[in-house]
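One structure is given here, and the rest of the page talks about it.
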Amino acid sequence: VKLRGSSAQLTLVLSLLVLSAVVFGAGTGETGSPETVTNLKILWWGSQARHDHTLRVLDLYNSMNPQVEFDPVFVDWNGYWDALYVMAAAEEMPDVFQTVIERLPLFHQKGLLADLAGVEHLDLEGVDPDILDLGRVDGELVAVCLGLNALTLGYNRRLFDEAGVPAPTPFWRWRDLREASLDLRSALGIFGLNGFGTDNDFRYWVRSRGGQLFSEDLRSVGWRSEDDVYDFYEQMLMFQSEGVVPPAENWVEEQIEEENSLFGLQRAAMRIMWSNRVVSVHRRRDLMIGLARLPGLGSRLGMFLRPAMFFSVAADSEEREEAGKFVSYFVLDRDANRILGAERGVPVVESIRQVVTAASDEQTQAVFYYIDGISRWSTPMARRFPAAEAEYRDAYNGLTRDVSFGRIAARDAPELLRARAEQLLAGERGTP
Amino acid sequence: VTRRLVPFRRRLVLSLGLFVLLVLLLTGALLTAYRGLSVTMLNRAYSQTLTMLSMTVEDGLRSVRELAVRIATNPDLQERVEALSLETDTYERSVRSSEIVSRMISGSPPPYLAAMYIVDSTGAVTANRLDYPELGAIVSQTTLESFRRSSDPYRWVYTATNPEVFLLLRRMRKVAELSLRELGYLVLVVDKDRFVRSVFRRRFVPDLDVGILHNDRLVYSTNTSLNASMIAAGLADQGHGSVRVGPERYFTTAIGAVTSDLRYVCMVPNDLLFGPLASYNRIALVAYAVLLVALLVSAGRVATSISSPVVHLAGEMKKIENEDFSKVSLHHPARIRSQEVGTLYREFQVMLRRIDDLINENYRKQILVQDARFRSLQAQINPHFLYNTLESINWLAQLNDQEVIASMVQALGDLLRASIGGKRPVIPLAEEVELLRQYVLIQKLRYGERLEVLIEIPENLGEIAVPKLALQPFVENSIKYGLETSDGVCRVQLRVEEREEMITISIQDNGPGMEQSLVQRIEAGEIEPRGSGVGIKNIRDRLHEIYGADCALSIDSQPGRGVIVTLTLPGLTVQQLSLISGVER
């Protein structure tokens with residue numbers, strides 16, 4: 001060691017200190033803090049096809065947003081609302097969940113829906129304002145429409161061809177449907193129609209006669225005459241007795257998802273269904289399904305475009321921002337919608353619609369074409385629903401089942417239904 | 001730039017000291033870094049263990065929570081709880097209560113579930129077990145009341161009145177028709193030990209003492225040695241790392257749970273983890289200290305053994321500088337141990353002796369030079385005085401017609417001038433012969449008929465160069481020996497002959513001659529013949545200086561036969577010789 005006076009010694013000592021500081025410093029490394037992960041619980045109903053598509057989109061989103069950890073919960077339609085109600089009662093709502101327009105008022109009333117206008121990162125640029133308005137309750141944006149659909153008389157084109165029966169036309173009456181069904185039955189030994197008498201069938205029926213389910217002020221039923229209701233039940237009973245639809249014992253058939261119903265299994269040639277379901281059945285059962293308007297003289301009055309479903313964000317969600325971000329992605333992302341197709345209804349954004357159309361198969365394009373036609377051949381659906389819509393629906397289904405089994409006479413049904421409905425509506429007024 | 005000069009010894013000790021200090025610090029730093037690293041690794045390992053542990057506990061807690069949700073949202077049970085709250089009749093209430101009890105235990109409850117209570121909206125409590133203490137004995141009324149008033153859907157109560165259990169309070173809201181009306185709340189009582197055993201089964205890490213805390217209060221610990229005050233003291237410090245608890249230090253690791261507000265702490269005595277490391281550290285430190293001292297001491301001694309002779313030598317040199325040779329001591333007083341220093345001393349002695357010699361020699365030379373100068377000055381004065389005197393004598397002699405005296409003085413003056421004056425080393429043979437004639441003239445005046453000198457010289461060789469006064473000494477010798485040793489006539493014959501471009505000059509006498517051995521000794525220059533001073537050696541040296549190897553001087557004699565001296569020279573004129581000399585030199 002060669003020393004040149006005190007400055008060299010000082011340099012040496014200093015460098016020594018620096019060295020030891022480096023060595024000491026290296027020893028006191030902190031263990032890295034855990035990555036902040038956002039948990040998003042998502043709940044939806046649907047068939048297996050929808051589950052598969054949606055999970056693929058979640059994976060895609062996850063690959064771009066690794067901080068999000070999805071907790072997907074999916075059930076079929078029948079168990080959906082019970083599951084959601086239990087979650088609501090346990091105050092463990094999913095962050096994002098599917099809803100329908102008819103139940104938005106109830107959920108809103110229970111304070112379960114977040115006001116999306118206040119959610120950051122929820123960007124719905126390009127969504128038609130009219131369609132966006134479908135998700136408003138009392139002026140608050142509580143749900144984002146995922147797609148549009150309409151009721152359709154889906155028919156199995158192969159079965160019609162096989163039986164040599166002319167396919168449904170836009171100008172069919174109910175009696176045309178009945179005759180075609182009888183022909184199909186004699187030709188192939190199958191049912192013409194999968195079923196008749198659901199709440200949707202009834203809604204169309206009442207509307208096609210110029211009425212609504214509920215009055216404008218939601219104080220009473222909205223049908224024009226009790227005869228309309230009586231005729232509906234008469235029609236139902238006649239279809240059952242003539243073998244147009246399966247007998248009353250097969251009532252449950254209407255509750256089964258399309259893929260696994262008689263229609264999906266090709267033992268019924270037609271089914272009244274939501275247009276967005278067509279693609280699922282097509283893919284699952286490899287059927288070519290024709291889409292026809294529902295029969296009847298007043299089909300233009302009866303037909304309506306409906307927001308197929310919504311995504312809502314829970315009011316007590318701790319991850320509103322991430323939830324909002326995900327919902328925007330779900331509605332507006334091209335790649336995501338290429339995967340989803342029009343399975344949740346026809347996309348609500350024009351540019352996405354084009355993307356999906358370009359990427360879609362013949363069946364999906366048929367759905368698009370059908371919805372396009374219905375947008376011109378329909379009357380708007382009622383925009384207001386009672387909070388007790390679900391109970392009304394339960395009441396309707398119960399009554400219809402009883403009529404179908406002959407336990408209640410069709411003649412008495414209109415009055416019973418009206419009374420029950422008005423009771424529910426009155427109860428609603430009672431609650432603040 | 002002037003540099004502060006530091007003594008060698010201090011420099012050596014300082015450098016070595018700094019070096020050892022550097023090694024010491026580096027080792028210390030490495031040991032500390034190693035300790036820091038092992039602390040980090042341990043902390044990481046314990047954190048991971050705790051995380052695994054916490055996840056298992058969290059899973060268990062989640063299953064309790066899910067059980068509570070399942071029971072609290074059971075529509076059948078809800079309906080009856082609602083009915084009970086509306087019932088006022090005692091009998092009806094008891095019937096409804098028993099209905100509720102039977103519905104609470106649907107399926108097989110998990111083993112850790114000690115008891116269940118339902119508190120309806122009126123505050124009435126229904127327990128599923130009659131043999132278990134009342135709700136009030138398990139948890140304080142304030143805790144229950146605070147939960148009832150809050151908006152929380154559920155709440156964990158980890159510190160109940162009974163320390164062996166923890167509770168989950170779960171609010172019940174009516175599911176039917178999404179009414180969400182509050183029906184009361186459910187209380188699940190979970191036995192801690194059975195819960196831990198149930199969730200871990202046999203997967204628990206037995207040798208790690210873990211405490212579970214809620215709001216810094218110990219909820220559960222796997223070891224009784226890990227008591228609440230200890231953990232509190234441990235957590236008051238950093239929360240992890242080494243903390244002092246009482247007399248002992250503990251290595252503490254704590255983590256927070258991911259989904260609940262529980263904290264998991266494990267504490268391991270430092271001695272168990274770092275005991276060996278600390279003792280190694282101490283040993284290393286002591287070893288280094290001993291090494292440092294030993295190194296410094298030995299460095300000091302080595303430095304002294306080198307520097308002390310050097311310092312001594314430097315002092316001696318200072319004396320030499322003062323020319324004080326007499327005081328110089330050439331031996332170091334102390335014993336010299338190192339070879340290098342010994343060499344240094346020896347060389348110093350040699351050098352000193354040589355310097356002494358050189359000084360002495362130089363001194364003597366200076367004296368001689370001074371002496372020679374003095375003598376030459378003396379010599380310069382004498383000839384002029386002598387010439388003048390001789391001239392005066394010559395002049396006086398002629399005035400008095402003393403021809404013999406005049407010619408003698410004349411010859412003497414010429415001879416003197418030739419021998420002393422003039423700077424030419426060689427002269428023509430004619431001139432040399434003329435000088436010889438002057439000498440012979442003087443001698444003849446002295447000895448008269450007894451001396452016969454015969455000079456034979458060819459006319460053509462008069463210009464040949466010979467060293468000045470090269471012949472005269474031989475003639476002088478011949479006269480001296482010939483005339484002194486006999487009464488006869490002394491004959492001297494000088495003969496010059498040219499032979500093969502060489503000139504041979506021979507001087508022959510008829511004197512007594514000498515022994516062959518004497519001739520050899522004279523030729524070797526070992527003895528000088530008695531004479532006027534200029535010896536044979538001198539002449540031979542001058543011949544060799546002028547002609548190199550081209551000349552020769554030989555003496556030939558036998559007793560009674562006389563002496564013949566022969567000079568052999570190259571036949572060169574003075575001019576030729578000066579040309580050659582000019583070329584050669």
Side-chain angles (χ1 to χ4, degrees), chain A residues 1-6 8-10 12-13 15-37 39 69 81-93 103 105-112 316 387-392 394 424 427-428 431, chain B residues 3-4 6 11-12 14-19 21-22 25-26 28-41 43-44 46-48 51 65-66 68-70 72-75 78 151-154 170-183 240-241 253 255-256 258-259:
Chain A
V1 182
K2 191 175 181 181
L3 294 179
R4 284 189 199 149
S6 55
Q9 288 172 34
L10 192 73
L12 186 79
V13 170
S15 57
L16 216 88
L17 286 177
V18 169
L19 179 78
S20 50
V22 167
V23 176
F24 278 66
T28 56
E30 267 295 309
T31 44
S33 59
E35 224 175 303
T36 50
V37 173
N39 269 292
E69 205 166 81
W81 300 104
D82 285 342
L84 190 59
Y85 283 16
V86 164
M87 287 177 194
E91 295 170 71
E92 290 183 352
M93 287 286 279
R103 299 209 184 190
L106 172 66
F107 280 77
H108 178 66
Q109 188 194 33
K110 299 291 179 185
L112 297 172
D316 61 358
E389 199 267 350
E391 282 83 68
Y392 156 76
D394 288 345
L424 286 167
E428 177 145 329
T431 47
Chain B
R3 241 182 243 163
R4 196 161 57 85
V6 185
R11 267 178 57 174
L12 186 73
L14 202 69
S15 323
L16 275 174
L18 261 169
F19 187 71
L21 205 67
L22 186 118
L25 271 173
L26 199 70
L30 283 173
L31 280 173
T32 313
Y34 172 71
R35 193 182 188 281
L37 196 69
S38 53
V39 165
T40 312
M41 297 300 285
N43 205 39
R44 194 172 297 162
Y46 284 144
S47 291
Q48 276 169 1
T51 306
R65 235 173 63 208
E66 282 168 0
V69 168
R70 218 162 40 243
T73 57
N74 177 356
Q78 283 194 348
S151 58
D152 300 349
Y154 66 90
R170 169 82 239 185
R171 204 176 299 283
M172 289 177 76
R173 288 183 185 278
K174 194 177 172 186
V175 176
E177 294 167 16
L178 199 62
S179 146
L180 305 187
R181 203 168 71 79
E182 199 172 327
L183 300 174
H240 76 85
T253 307
I255 64 151
V258 182
T259 53

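The figures here come from the full heavy-atom set of this structure, side chains too, leaving out hydrogens, waters and symmetry mates. In what follows, every chain begins at residue 1, and chains take the letters A, B, ... in the order their sequences are listed.
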- Task: Check each atom of A:A90 against the heavy atoms of chain B and say whether the ones under 4.5 Å are side chain, backbone, both or neither.
- Result: both

- Query: Can you name the salt bridge (charged side-chain N to carboxylate O under 4.0 Å, His left out) partners of B:R65, sequence neighbours left out?
  - Reply: A:E92

- Note on the structure: Closest non-hydrogen atoms of A:L106 and A:A387, given as atom of the first, atom of the second and distance, are CB-O, 3.4 Å

- Query: By salt bridge (charged side-chain N to carboxylate O under 4.0 Å, His left out), which residues pair with A:D316, not counting sequence neighbours?
  - Reply: none

- Message: Can you give me the closest heavy-atom contact between B:E177 and A:Y85, atom names plus distance?
- Response: C-CE2, 4.1 Å

- Would you mind checking which part of B:R170 comes under 4.5 Å of any heavy atom in chain A, side chain (CB onward), backbone (N, CA, C, O), both or neither? side chain

- Query: Where does B:Y154 contact chain A at under 4.5 Å (heavy atoms): side chain, backbone, both or neither?
  - Reply: side chain

